[in-house]
Amino acid sequence: MEKKTCSTSLAVKTSHVLPPDTNSYGTLFGGKLMAHIDDVAAIAASRHARKPVVTASTDSVDFLAPVKEGHSICIEAFVTWTHKTSMEVFVKAVTEDLRTGERRVCATAFLTFVAVDEDGKPSPVPEVVPETNHEKKLHELAAVRAKQRIERRKQSKEFAQEFGTDYPWNSRGK
């Protein structure tokens with residue numbers, strides 16, 4: 001399988017922040033931003049794999065600045081690291097005041113996607129090759145993030161097992 005550069009997966013989406021997208025403070029709903037992030041990251045992962053992908057995890061979404069009504073939001077995503085069937089995608093969200101031109105990074109995130117075949121089974125993906133200094137830095141630290149994801153997933157499975165599927169009001173004594 002031929003290796004691909006990070007830049008071949010780059011996906012970018014810019015949207016106007018309109019009143020239905022905002023909360024009572026006049027800023028973009030966090031969930032709406034997270035939906036934009038997942039959408040653009042999935043496009044980047046699909047572009048890299050040239051296969052359908054499913055979201056396996058979102059490490060975190062760090063909200064760094066508010067996104068105000070009337071501003072724009074630009075989401076950029078690209079594959080930073082690959083394993084056998086999975087891909088780590090870095091996402092940066094930038095808000096812009098369209099009147100002044102002031103731009104701020106408002107969020108960053110790492111998501112993991114798995115490529116799947118026609119039967120929904122994990123499918124191999126090409127290795128990614130970083131070129132720029134930023135890409136190289138993200139790629140070098142990816143193995144550490146991958147180990148953290150494995151540990152976090154293990155803990156999530158333990159919580160799921162412990163808490164189960166009972167409604168909270170049916171398990172008060174546990």
Side-chain angles (χ1 to χ4, degrees), residues 1-18 20-22 27-98 101-118 120-146 148-149:
M1 194 172 286
E2 191 174 321
K3 297 178 182 180
K4 295 183 177 182
T5 62
C6 295
S7 61
T8 60
S9 66
L10 179 65
V12 180
K13 173 183 180 179
T14 303
S15 297
H16 205 145
V17 179
L18 300 171
D21 303 324
T22 62
T27 59
L28 184 65
F29 281 116
K32 183 77 171 176
L33 179 54
M34 291 168 67
H36 285 308
I37 287 170
D38 188 55
D39 180 37
V40 178
I43 291 169
S46 293
R47 186 171 279 160
H48 180 83
R50 291 296 175 200
K51 299 175 184 175
V53 300
V54 294
T55 307
S57 72
T58 300
D59 288 8
S60 65
V61 178
D62 296 310
F63 300 108
L64 305 172
V67 180
K68 298 178 181 175
E69 179 184 326
H71 291 193
S72 70
I73 183 74
C74 180
I75 314 292
E76 304 170 25
F78 60 91
V79 174
T80 58
W81 187 74
T82 57
H83 197 250
K84 295 173 186 168
T85 62
S86 63
M87 297 158 280
E88 176 190 80
V89 177
F90 174 69
V91 180
K92 176 180 75 172
V94 176
T95 183
E96 179 180 352
D97 182 330
L98 296 170
E102 180 187 2
R103 295 169 49 89
R104 296 176 71 185
V105 175
C106 58
T108 61
F110 286 97
L111 293 86
T112 304
F113 291 85
V114 174
V116 294
D117 63 17
E118 305 80 35
K121 304 289 185 206
S123 181
V125 297
E127 187 178 331
V128 69
V129 179
E131 297 176 300
T132 69
N133 288 337
H134 287 144
E135 292 168 355
K136 289 175 184 176
K137 182 176 183 177
L138 291 169
H139 189 268
E140 287 169 10
L141 299 172
V144 172
R145 288 188 299 274
Q148 291 169 339
R149 274 183 216 111

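Here the side chains of P126 and E2 are not in contact, with every heavy-atom distance at 4.5 Å or above. Between F113 and V79, every side-chain heavy-atom pair lies at or beyond the 4.5 Å cut-off. Here the side chains of K121 and T85 are not in contact, with every heavy-atom distance at 4.5 Å or above. You'll find the side chain of E127 reaches within 4.5 Å of the side chain of T82, heavy atoms only. Considering only heavy atoms from C-beta on, T27 stays 4.5 Å or farther from T22 through its side chain. With a 4.5 Å cut-off on side-chain heavy atoms, S57 and D59 count as touching. Side-chain contact check for T112 versus F110: every heavy-atom pair is 4.5 Å or farther apart.
Minimum interatomic distance between S72 and V67 (heavy atoms only, all atoms of both residues): O-CG1, 4.5 Å. Of all the heavy atoms in S123 and V116, the pair that sits closest is CB-C, 3.9 Å. Shortest non-hydrogen contact noted between A44 and A77 is CB-O, 3.7 Å. Contact between W81 and A142 at its shortest, heavy atoms only, is CG-CB, 3.3 Å. For E135 against E131, the heavy-atom pair with the smallest separation is OE1-N, 2.7 Å. Between T14 and C74, the shortest heavy-atom contact is OG1-SG, 3.4 Å.
Surrounding NE2 of H134 are at most 12 heavy atoms belonging to other residues, nucleotides or ligands under 6.0 Å away.
Under the salt bridge (Lys or Arg N to Asp or Glu O under 4.0 Å) criterion, the residue pairs touching residues 84-97 are E76-K92, E88-R145, E88-R149, E96-R103, with sequence neighbours excluded.
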Show me the side-chain donor-acceptor pairs of residues 34-41 shorter than 3.5 Å, one per line, residues at least two apart or across chains.
from	atom 1	to	atom 2	distance (Å)
H36	ND1	K13	NZ	3.1
D38	OD1	T55	OG1	2.9
D39	OD2	K13	NZ	3.3

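A distance of 10.5 Å separates SG in C6 from NZ in K136, rounded to the nearest 0.5 Å. In this structure, the separation between OG1 on T80 and NE2 on H48 is 10.0 Å, given to the nearest 0.5 Å. Between the CZ atom of R47 and the CE atom of M87 there is a distance of 13.0 Å, given to the nearest 0.5 Å. Atom CG in L10 sits 11.0 Å away from atom CD1 in I43 (nearest 0.5 Å). Atoms CG and OG1, from D62 and T108 in turn, are 5.0 Å apart once rounded to the nearest 0.5 Å.
Looking at K51, its side chain does come within 3.5 Å of a backbone N or O of P124 through a donor-acceptor pair. Of the possible donor and acceptor atoms, none in the side chain of T95 sits under 3.5 Å from a partner among the backbone N and O of C106.
Under the 30°/60° scheme for interplanar angles, the aromatic rings of F90 and F78 are found to stand perpendicular.
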